[in-house]
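Read through the structure below, which is laid out as structure tokens, and then see the notes.
If you read the sequence from its start, that first residue is 1, and numbering goes on from there.
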Amino acid sequence: MVNRSVFEAPEAGGDRTAADPAAVFDWLDESAGQRARAGLTRTLRSRPAEDPVLDLAGNDYLGLTRHPAVTRAAADAALRWGAGATGSRLVTGTTALHTELEEELAAFCGAEAALVFSSGYTANLAALTALTDPDTLIVSDAYNHASLIDGCRLARADVHRAPHSDPAAVAGILAGRDHRRALVVTDSVFSVDGNAAPLAELAAAARRYGAALLVDDAHGLGVLGPGGTGATAAAGLAGAPDVVTTVTLSKSLGSQGGAVLGPRRVVRHLTETARTFIFDTGLAPAAAGAALGALRLLRAEPHRADRAREVARALAARLSAAGLPASTPDAAVVSVRAPGPEAAVAWAADCRRAGLAVGCFRPPSVPDGVSRLRLTARGDLTDDQIARAVRIIAATAPVDGTAGA
């Protein structure tokens with residue numbers, strides 16, 4: 001029976017007073033005002049299909065999003081399998097294409113098995129919530145991505161925030177634990193400055209104290225390791241029985257989606273228990289097809305990974321030569337420090353007006369509180385485009401842009 005009282009207005013003379021219906025969201029306007037005063041307003045900007053602006057803001061590390069082989073694979077998959085997966089992977093949403101992608105992705109990265117998700121975000125949430133319980137200690141790097149942080153929050157485990165890229169500190173935390181299980185969690189390449197985590201040392205610390213290692217290789221797949229096989233492979237950890245890797249299909253592979261790679265029993269456990277797998281609609285066939293097409297292209301042309309790193313080094317060197325505080329890249333991300341949040345926003349806007357799109361990172365999105373421009377070193381950039389990008393960034397830099405803050 002429906003409880004009608006919840007749909008009816010209170011009677012006259014009752015304890016509750018009817019309010020203006022629109023007032024329930026007045027607090028949103030107050031919150032927006034606070035963000036505006038702090039310089040933290042965010043807006044959506046639509047872009048045309050053919051954008052004349054040189055894009056160094058996205059994560060298309062290998063320049064494959066528009067590659068004919070990748071877009072053709074996406075179109076063929078949509079024509080054959082339909083526009084959507086039609087349901088969760090366990091009900092109707094797993095096609096032979098999904099299985100093919102998982103098998104080839106696992107083989108490429110040297111893992112026993114892989115499980116594809118609708119995004120890298122949901123893959124991280126799945127791994128962190130399904131591989132932990134109240135008797136688990138999670139040791140998470142202080143600079144980890146928001147998806148890992150959210151996964152830690154959703155997990156029922158005891159979470160300890162470890163100093164950035166500090167294996168000794170991680171070992172110390174693990175040594176003092178009284179939990180039955182432990183999981184060390186880190187990005188392979190941190191998305192703000194592009195520095196790589198010391199994976200081999202973290203794995204050694206985890207193994208010494210009987211902990212598993214979870215590596216988010218979103219920014220390493222396609223860029224690091226032999227032929228772009230990823231940071232886990234580069235560290236000699238591919239196929240390790242105590243290492244689980246998550247990846248995204250939306251960066252180097254130019255598509256959409258994510259995956260968890262690791263021991264077969266881990267993938268089986270996620271299939272049966274991970275809520276973001278069980279209750280989410282499967283990845284669209286077009287995205288699965290595009291990712292598979294890009295993966296095959298990378299396997300046939302492994303030099304693409306080398307080129308992405310080469311472009312990153314060239315960008316960093318030329319920016320530094322121009323007197324700008326550029327980071328030293330370990331993968332395909334280069335950042336340039338700005339004097340402050342407002343200066344970073346204005347600098348990025350000036351770059352766009354000059355024909356260059358760059359990322360703008362500022363608090364609270366950056367864990368160190370330092371505002372900066374973030375550049376994507378795409379492997380398909382020409383030397384002329386690299387030179388053009390450096391000229392625009394240098395010409396639009398704030399007067400005190402070399403100071404960093």
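With no hydrogens or angles considered, no side-chain donor-acceptor pair links H219 and D187 at under 3.5 Å. Residues S147 and D150 bring no donor and acceptor atom of their side chains to less than 3.5 Å of each other. Between the side chains of D216 and N144, no donor-acceptor pair of N or O atoms lies under 3.5 Å. Side-chain contact annotation: N59 with R378, donor-acceptor N/O pair under 3.5 Å absent. A donor-acceptor pair shorter than 3.5 Å cannot be found between the side chains of T276 and D280.
A 4.5 Å side-chain heavy-atom check between L128 and I138 finds at least one atom pair inside the cut-off. Counting only heavy atoms from C-beta outward, the side chains of L292 and L97 approach each other to under 4.5 Å. No side-chain heavy atom of T186 sits less than 4.5 Å from a side-chain heavy atom of V139. L224 has its side chain out of reach of D330: every pair of non-hydrogen atoms, C-beta onward, lies at least 4.5 Å apart. Side-chain contact between V170 and E201 is absent, with no heavy atoms from C-beta onward closer than 4.5 Å. In this structure, the side chains of L298 and F108 come closer than 4.5 Å at one or more pairs of heavy atoms. With a 4.5 Å cut-off on side-chain heavy atoms, L54 and I392 do not count as touching. Two residues are said to be in side-chain contact when any heavy atoms from C-beta on lie closer than 4.5 Å; H67 and R304 meet this criterion.
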Test E310 against R313 for salt bridge (charged side-chain N to carboxylate O under 4.0 Å, His left out), laying out the working first.
CA-CA 5 Å; E310 179 185 331; R313 291 191 296 268; 5.5 Å; no
Audit row: R372, D193, salt bridge (charged side-chain N to carboxylate O under 4.0 Å, His left out) steps and yes/no
CA-CA 9 Å; R372 70 246 298 156; D193 275 335; 3.0 Å; yes
Could you walk me through whether R299 and E104 satisfy the salt bridge (charged side-chain N to carboxylate O under 4.0 Å, His left out) test, starting with their C-alpha distance in whole Å, then the side-chain angles of each, then the deciding distance to 0.1 Å, before giving a yes or no?
CA-CA 10 Å; R299 194 170 60 220; E104 293 197 23; 3.3 Å; yes
What do the steps show when you test E30 against R35 for salt bridge (charged side-chain N to carboxylate O under 4.0 Å, His left out), and what is the final call?
CA-CA 9 Å; E30 297 171 4; R35 290 195 301 273; over 6 Å; no
Apply side-chain contact (heavy atoms from CB on, under 4.5 Å) to L90 and T271, showing your working.
CA-CA 8 Å; L90 288 169; T271 303; 3.9 Å; yes
What do the steps show when you test V244 against L131 for side-chain contact (heavy atoms from CB on, under 4.5 Å), and what is the final call?
CA-CA 10 Å; V244 175; L131 297 179; 4.2 Å; yes
Run I393 and L324 through side-chain contact (heavy atoms from CB on, under 4.5 Å) and show every step you take.
CA-CA 9 Å; I393 295 169; L324 296 170; 3.8 Å; yes
Please determine whether side-chain contact (heavy atoms from CB on, under 4.5 Å) holds for the pair L125 and F117, giving the CA-CA distance in whole Å, both sets of side-chain angles, and the decisive distance to 0.1 Å.
CA-CA 10 Å; L125 296 185; F117 290 75; over 6 Å; no
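Note that CD of Q385 is 10.5 Å distant from CG of D55, once rounded to the nearest 0.5 Å. With rounding to the nearest 0.5 Å, the separation of CD in E301 from CG in L62 is 10.5 Å. To the nearest 0.5 Å, atom CG of residue D350 and atom OG1 of residue T396 are 6.0 Å apart. The CG atom of L375 sits 11.5 Å away from atom CD1 of I386, with the distance rounded to the nearest 0.5 Å.
A distance-only check finds no donor-acceptor pair linking the side chain of H164 to the backbone of D141 [under 3.5 Å]. With hydrogens and angles ignored, the 3.5 Å screen pairs a side-chain donor or acceptor of D135 with a backbone N or O of R180. Between the side chain of R374 and the main chain of S191, a donor-acceptor pair closer than 3.5 Å is present. A distance-only check finds a donor-acceptor pair linking the side chain of S252 to the backbone of L221 [under 3.5 Å]. In this structure, T229 contributes its side chain and P226 its backbone to a donor-acceptor pair below 3.5 Å. Proximity of a side-chain donor or acceptor of S165 to a complementary backbone N or O of A197 within less than 3.5 Å is not detected. One N or O on the side chain of R388 and one on the backbone of G355 form a donor-acceptor pair closer than 3.5 Å. A distance-only check finds no donor-acceptor pair linking the side chain of D76 to the backbone of L79 [under 3.5 Å]. Although no hydrogens or angles enter the test, the distance criterion places no donor-acceptor pair under 3.5 Å between the side chain of R181 and the main chain of D133. The main-chain N or O of R264 is found under 3.5 Å from a side-chain atom of E112 such that the two form a donor-acceptor pair.
Residue E342 places its CD atom among 12 or fewer non-hydrogen atoms of other residues, nucleotides or ligands, all under 6.0 Å distant. In the displayed structure, R177 atom CZ is contacted under 6.0 Å by more than 12 heavy atoms of other residues, nucleotides or ligands. For CD of E102, the number of neighbouring non-hydrogen atoms (other residues, nucleotides, ligands) closer than 6.0 Å is greater than 12.
Here the closest non-hydrogen pair linking L373 and C351 is CD1-SG, 4.4 Å. Residues A111 and G262 share a closest heavy-atom pair of CB-N, 3.9 Å. Considering every non-hydrogen atom in both P363 and S371, the closest pair reads CD-OG, 3.3 Å. Considering all non-hydrogen atoms of both residues, G257 and T248 come closest at O-OG1, 3.2 Å. In terms of heavy-atom proximity, C109 sits nearest to A238 at O-CB, 3.4 Å. Considering all non-hydrogen atoms of both residues, A85 and L283 come closest at CB-O, 3.7 Å.
A salt bridge is absent between R161 and D166: the closest approach of a Lys/Arg side-chain nitrogen to an acidic carboxylate oxygen does not fall below 4.0 angstrom.
Checking each of V215, L261, D217, V260 against T246 for a side-chain contact (heavy atoms from CB on, under 4.5 Å) leaves exactly one that passes, namely V260. Among the candidates T95, T94, T281, the single residue satisfying the side-chain hydrogen bond (donor to acceptor under 3.5 Å, both in side chains) test with R89 is T94.
Ring pair Y121/H145 is perpendicular by interplanar angle, where above 60° counts as perpendicular and below 30° as parallel.
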